[in-house]
Amino acid sequence: MRITKAIKQQMLELLEEHYKNTTTALQYTAPFELLIAVILSAQCTDTRVNIITARMFPHYNTPEKILKLGQNGLEKEIRDCGLFRSKAKNILATCEMLCREFDGQVPNTFNELIKLPGVGRKTANVVLSQWFGVPAIAVDTHVFRVSNRLKLATGETPLAVEQELMRAIPKEKWSDAHHWLIWHGRKICKATSPACTVCPLNHLCPSNKIKI
């Protein structure tokens, strides 16, 4: 099946219809909390991250407070998160930079955010879109997988997929579409057992397993 601009538009309309008003599952009340939650979410479920931050943020929710924990203390707080040692190291380095260069505040530009240790394009885009309202498409594993399967955007790297999605989706819908793709990946277009029989995009998808 050749995926035309018109078919991509139909895909987006169906995704919006089924996942309209969805947002991140991460729980936070401030930009710093969101930043830390997204850093923790790498190779870790949002459910697990929310368990960790629910016990941590009431006591350690600013760069200054986390710095006082030190490496060992922070590792204990996030030990049940994947890659907790490297994440603790990056979070502490990020907190140091925030205090040193940004007066303890989370910056609101992409170029400043990606200077922070442990913060890549995905994390920066999530913070920008979720807290600062900047149109952005963050490509995580779900977005990458679903976009390639649908051929809504194809690419071998998250950056390539991000750039193609930006061309395929109207800018005013970038941030929303990011969530549509994530939730579709979580609920239906799963990594190992996609639920093609109940997928609302089955008739448009070039990767569908069940013809209807």
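The first residue of the sequence shown is numbered 1, and numbering continues consecutively from there.
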Residues passing the side chain to side chain donor-acceptor pair (under 3.5 Å) test with Glu13, sequence neighbours excluded, are Gln9
Item checked: Verdict with reasoning, Gln130 to Thr23, per side chain to side chain donor-acceptor pair (under 3.5 Å) -> CA-CA 8 Å; Gln130 285 295 120; Thr23 188; 3.2 Å; yes
**OP:** Kindly work out whether a path of hydrophobic side-chain contacts (I/L/V/M/F/W/Y, heavy atoms less than 4.5 Å apart) joins Val126 to Met166.
**Re:** no
Without swapping roles, check the side chain of Glu33 against the backbone of Thr29 for a donor-acceptor pair under 3.5 Å.
yes
ask   = Leu204 versus Leu14: any side-chain heavy-atom pair under 4.5 Å?
value = yes
Query raised in the report: Are any of the side-chain heavy atoms of Thr123 and Ile39 separated by less than 4.5 Å?
Result: yes
If you draw a 6.0 Å radius around CD in Gln43, do more than 12 non-hydrogen atoms from other residues or ligands fall strictly inside? no
* Asked: Side chains of Ile137 and Leu181: closer than 4.5 Å at any heavy-atom pair?
  -> no
Interatomic distance, CZ@Arg85 vs CD@Gln71, rounded to 0.5 Å, equals 9.0 Å
query = Are Phe132 and Phe102 linked, directly or through other ILVMFWY residues, by side chains that come within less than 4.5 angstrom of each other?
reply = yes
*Please confirm whether the backbone N or O of Ala136 pairs with a side-chain atom of Ser175, one donor and one acceptor, at under 3.5 Å?*
yes
Query - Side chain proximity check, Glu77 to Ile52, heavy atoms < 4.5 angstrom - result: no
message: For a salt bridge (charged side-chain N to carboxylate O under 4.0 Å, His left out) check, start with the C-alpha distance between Glu75 and Lys87, then their side-chain angles and the critical distance, and finish with the verdict.
response: CA-CA 8 Å; Glu75 284 184 8; Lys87 287 177 181 178; over 6 Å; no
To the nearest 0.5 Å, atom CD1 of Ile169 lies from atom CG of Asp176 at 10.0 Å
When every non-hydrogen atom of Ala30 is compared with those of Trp131, the smallest separation belongs to CA-CH2, 3.7 Å
CZ (Arg149) and NE2 (His184) are apart, to the nearest 0.5 Å, by 9.0 Å
Value for NE2 (His18) from CH2 (Trp180), rounded to nearest 0.5 Å, stands at 13.0 Å
* Do Tyr19 and His179 have side-chain atoms, one donor and one acceptor, less than 3.5 Å apart? -> no
For residues Pro200 and Ile188, determine if any side-chain heavy atom of one lies less than 4.5 Å from a side-chain heavy atom of the other. yes
Here the pair of heavy atoms bringing Phe144 nearest to Pro158 is CE1-N, 3.8 Å
- prompt: Are Arg145 and Asp140 within salt-bridge range, i.e. N to O under 4.0 Å?
  reply: no
query = Run the side-chain contact (heavy atoms from CB on, under 4.5 Å) check on Leu165 and Ser147 step by step: do they pass?
reply = CA-CA 8 Å; Leu165 285 174; Ser147 297; 3.6 Å; yes
Thr154 side chain near Glu164 side chain, heavy-atom distance below 4.5 Å: yes
Quiz prompt | Sidechain N-carboxylate O distance under 4.0 Å for Lys122, Glu162 | solution = no
To the nearest 0.5 Å, atom NZ of Lys151 lies from atom CE of Met11 at 9.5 Å
Intermediate values then yes/no, side-chain contact (heavy atoms from CB on, under 4.5 Å), Ile182 and Val146 = CA-CA 8 Å; Ile182 285 177; Val146 173; over 6 Å; no
So CG of Leu74 and NZ of Lys65: to nearest 0.5 Å the spacing works out to 14.5 Å
Are Ile114 and Met97 in one and the same hydrophobic cluster, where Ile, Leu, Val, Met, Phe, Trp and Tyr link if side-chain heavy atoms are under 4.5 Å apart?
yes
- Look only at the side chain of Asn148 and the backbone of Gly155, and say whether a donor-acceptor pair between them is shorter than 3.5 Å. yes
Note to self: If you apply the rule side-chain contact (heavy atoms from CB on, under 4.5 Å), what do you find for Val161 with Leu152, and how did you get there?
What the structure shows: CA-CA 9 Å; Val161 169; Leu152 186 61; over 6 Å; no
In terms of heavy-atom contacts, Val143 and Ala138 come closest through CG2-O, 3.6 Å
(Q) Could you check whether any side-chain N or O of Ser41 sits under 3.5 Å from a backbone N or O of Val38, counting only pairs where one atom can act as donor and the other as acceptor? (A) yes
Taking C-beta and beyond as the side chain, do Lys68 and Tyr60 meet within less than 4.5 Å on heavy atoms?
no
Do the side chain of Thr53 and the main chain of Met56 share a donor and acceptor less than 3.5 angstrom apart? no
Start with the C-alpha gap between Thr62 and Leu67, add the side-chain angles, then the distance that decides, and say whether side-chain contact (heavy atoms from CB on, under 4.5 Å) holds. CA-CA 9 Å; Thr62 67; Leu67 283 172; over 6 Å; no
Nearest heavy-atom contact between Leu26 and Asn50 is CA-OD1, 3.5 Å
Quiz prompt | Sub-4.5 Å side-chain heavy-atom contact between Val134 and Ser129 | solution = no
Note to self: Assess whether a salt bridge exists between Arg186 and Asp46, defined as any Lys/Arg side-chain N lying under 4.0 Å from an Asp/Glu carboxylate O.
What the structure shows: yes
Nearest heavy-atom contact between Lys171 and Pro135 is O-CB, 3.6 Å
Closest non-hydrogen atoms of Leu83 and Ser86, given as atom of the first, atom of the second and distance, are O-OG, 3.1 Å
If you group Ile, Leu, Val, Met, Phe, Trp and Tyr by side-chain heavy-atom gaps below 4.5 Å, do Leu34 and Leu92 land in one group? yes
